[in-house]
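In this text, all values refer to a predicted model and were calculated from it rather than measured experimentally. Heads up: numbering here begins at 1 and tracks the sequence.
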Amino acid sequence: HLPGQPIVFSLNLRSRTNQYDLWPTFSEVAAPGDCLLFVAPDGGGEKIVAEGLAAAFDGAEDLGPIERRRGDDVAGRLRAWAFQSWSGDSAPLDSP
């Protein structure tokens, strides 16, 4: 629903096989220099994954926690990172 309808990927790192594995991956579509926004459940080992992804980018920024809310209730907690300027190295993006 965003203007320009940016392409969205499910990296499925450390996850079971699912429908997203049949779709094009970030490394198949992206060009060196592209950016990536990584969002994952908070407290689920996402920091280790983010550190691995950072190896494939020239810059990484922890954007901090995000609360998913339903009314006044917190429905879940996520964490986000912004990665800038992909090097073209697909290994950190494609490894299980």
**Study point:** CZ-NZ distance between Arg79 and Lys47, expressed to the nearest 0.5 angstrom
**Key:** 8.5 Å

Check your understanding: Is the shortest distance from a Lys or Arg side-chain nitrogen in Arg77 or Glu67 to a carboxylate oxygen in the other one below 4.0 Å?
Key -> yes

Review point. Is the closest side-chain heavy-atom distance between Val49 and Phe38 below 4.5 Å?
Key: yes

Point to revise | Proximity of Phe26 and Trp86 rings by center, below 6.0 Å | key: yes

**Study point:** Least distance between heavy atoms, Pro32 atom then Gly88 atom
**Key:** CG-CA, 4.2 Å

Review point. Does Pro3 offer a backbone N or O that forms a donor-acceptor pair with the side chain of Gln5 under 3.5 Å?
Key: no

Practice item. Specify the closest pair of heavy atoms between Asp89 and Ala56, including all atoms of both residues, with the distance to one decimal. Key: O-CB, 3.5 Å

Review point. In this structure, are over 12 heavy atoms from other groups packed under 6.0 Å from Arg69 atom CZ?
Key: yes

Point to revise | For the student: nearest non-hydrogen atoms of Glu46 and Ala40, plus distance | key: CB-CB, 3.6 Å

**Study point:** Spacing of CG belonging to Leu36 relative to OG belonging to Ser27, to within rounding of 0.5 Å
**Key:** 11.0 Å

Check your understanding: Quick one: CZ on Arg68 to CG on Asp73, what's the gap to the nearest 0.5 Å?
Key -> 12.5 Å

**Study point:** same_hphob_cluster(Leu78, Leu37) at 4.5 Å side-chain heavy-atom cutoff
**Key:** yes

Review point. Any donor-acceptor pair under 3.5 Å linking the side chain of Ser87 with the backbone of Phe57?
Key: no

Check your understanding: Shared ILVMFWY cluster between Ile7 and Trp81, side chains joined below 4.5 angstrom?
Key -> yes

Exercise for review: Please check if the side chain of Glu28 supplies one atom and the backbone of Thr25 the other of a donor-acceptor pair under 3.5 Å.
Suggested key: yes

**Study point:** Leu53-Val29 co-clustered via ILVMFWY side chain contacts under 4.5 Å
**Key:** yes

